[in-house]
Amino acid sequence: MDNEGFFQRAYGVVRLIPPGRVATYGQVARMMGEPRKARYVGFAMHSSPGLSGGVPCHRVVFADGSLAPGFAFGGPEEQRRMLEAEGVGFLASGKVDMRRFEWEA
DNA sequence: TCCGTGACGGTGG
DNA sequence: GCCACCGCCACGG
């Protein structure tokens with residue numbers, strides 16, 4: 001459960017992201033006290049139980065607002081749909097409008 | 001011990 | 001504004 005300890009911490013933070021808001025991998029890592037492990041956070045999301053497991057990993061995006069290329073729920077398109085359903089706005093470029101929807105703890 | 005790998009991030013062309 | 005390269009960290013072969 002060691003590695004999972006890190007995973008659980010990541011999930012714990014992600015669970016705090018309110019609907020209609022998004023957080024970046026680096027942001028999550030920073031809240032865990034380990035800003036250098038952004039990549040590891042990404043891996044945690046990849047292995048996450050998903051929204052059904054209480055981990056809204058679709059609310060975690062890249063620092064520039066782009067979505068993960070290999071999203072597990074059915075592609076970035078599905079992820080975008082879920083975010084839009086929560087009220088998150090996208091730019092014409094297909095990226096999240098971070099200026100308005102980035103989560104501020 | 002060195003090399004390769006990855007849902008990242010910042011910088012430079 | 002998009003693309004490419006480099007730096008980070010932990011892990012496995």
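Chain letters run A, B, ... following the sequence lines, proteins first, then strands; residues in each count from 1.
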By side chain to side chain contact (heavy atoms under 4.5 Å, CB included) - contacts of E77(A) (at least two apart): none
Residues at least two apart in sequence or cross-chain that pass side chain to side chain contact (heavy atoms under 4.5 Å, CB included) with P69(A), listed by chain then number, are F62(A)
Length of the [atom1]-[atom2] vector between [X] and [N], whole Å:
{"X": "F6(A)", "N": "dA7(B)", "atom1": "CZ", "atom2": "P", "result": "14 Å"}
{"X": "R59(A)", "N": "dA7(B)", "atom1": "CZ", "atom2": "C1'", "result": "17 Å"}
{"X": "I17(A)", "N": "dA7(B)", "atom1": "CD1", "atom2": "C1'", "result": "13 Å"}
{"X": "M32(A)", "N": "dC8(B)", "atom1": "CE", "atom2": "P", "result": "15 Å"}

Would you say the side-chain atoms of Y11(A) pair up with the backbone N or O of P56(A), donor to acceptor, closer than 3.5 Å? no
Measuring from F7(A):CZ to M45(A):CE, what's the distance to the nearest 0.5 Å? 8.5 Å
Quick one: which residue pairs count as a ring pair (Phe, Tyr, Trp, His ring centres under 6.0 Å) with a foot in residues 80-99 of chain A, not counting sequence neighbours? none
With side-chain contact (heavy atoms from CB on, under 4.5 Å) as the criterion, how do R21(A) and V88(A) come out once you've worked through the C-alpha distance, each side chain's angles and the decisive distance to 0.1 Å? CA-CA 6 Å; R21(A) 293 264 139 159; V88(A) 176; over 6 Å; no
Please give the distance between the C1' atoms of dG13(C) and dA7(B) as a whole number of Å. 23 Å
Just list the side-chain donor-acceptor pairs under 3.5 Å for residues 24-32 of chain A, sequence neighbours left out, or say none.
unit_1	atom_1	unit_2	atom_2	d
T24(A)	OG1	Q27(A)	N	3.0
Q27(A)	OE1	T24(A)	N	3.3
Q27(A)	NE2	W103(A)	O	2.7

Polar atom pairs between nucleotides 5-9 of chain C and protein, under 3.5 Å, N or O only, would you list them?
unit_1	atom_1	unit_2	atom_2	d
dG7(C)	O6	R39(A)	NH1	3.3
dG7(C)	N1	R39(A)	NH1	3.4
dC8(C)	N3	R39(A)	NH1	2.9

For DNA chain B, which residues of residues 88-100 of chain A approach it to below 4.0 angstrom with any heavy atom? none
For the residue pair M98(A) and L91(A), establish whether any side-chain heavy-atom pair is separated by less than 4.5 Å. no
Taken in chain and number order and not counting sequence neighbours, the residues that satisfy salt bridge (Lys or Arg N to Asp or Glu O under 4.0 Å) with R99(A) are none
Evaluate side-chain contact (heavy atoms from CB on, under 4.5 Å) for V41(A) paired with V13(A), printing each intermediate quantity in order. CA-CA 10 Å; V41(A) 173; V13(A) 173; over 6 Å; no
Who pairs with F43(A) by ring-ring contact (aromatic ring centres under 6.0 Å, His included), at least two apart in sequence or on another chain? none
Sequence neighbours left out, cut at 3.5 Å: what donor-acceptor pairs do the side chains of residues 80-87 of chain A make with other protein atoms?
unit_1	atom_1	unit_2	atom_2	d
R80(A)	NE	E84(A)	OE2	3.4
E86(A)	OE1	G20(A)	N	3.3
E86(A)	OE1	R59(A)	NE	3.0
E86(A)	OE2	H58(A)	NE2	3.0
E86(A)	OE2	R59(A)	NE	3.2
E86(A)	OE2	R59(A)	NH2	2.9

Provide the full list of side-chain hydrogen bond (donor to acceptor under 3.5 Å, both in side chains) pairs with a residue in residues 41-50 of chain A, sequence neighbours left out, each pair given once. none
Taking only nitrogen or oxygen atoms into account, show me every contact under 3.5 Å that the protein makes with nucleotides 9-13 of chain B, one pair per line with its distance.
unit_1	atom_1	unit_2	atom_2	d
dG9(B)	OP1	Y25(A)	N	3.4
dG9(B)	OP1	G26(A)	N	2.7
dG9(B)	OP2	A63(A)	N	3.0

If pairs are Watson-Crick or G-U with both distances under 3.5 Å, what is the dot-bracket string of DNA chain C, marking crossing pairs with [ ] and pairs to another strand with |? .||||||.|||||
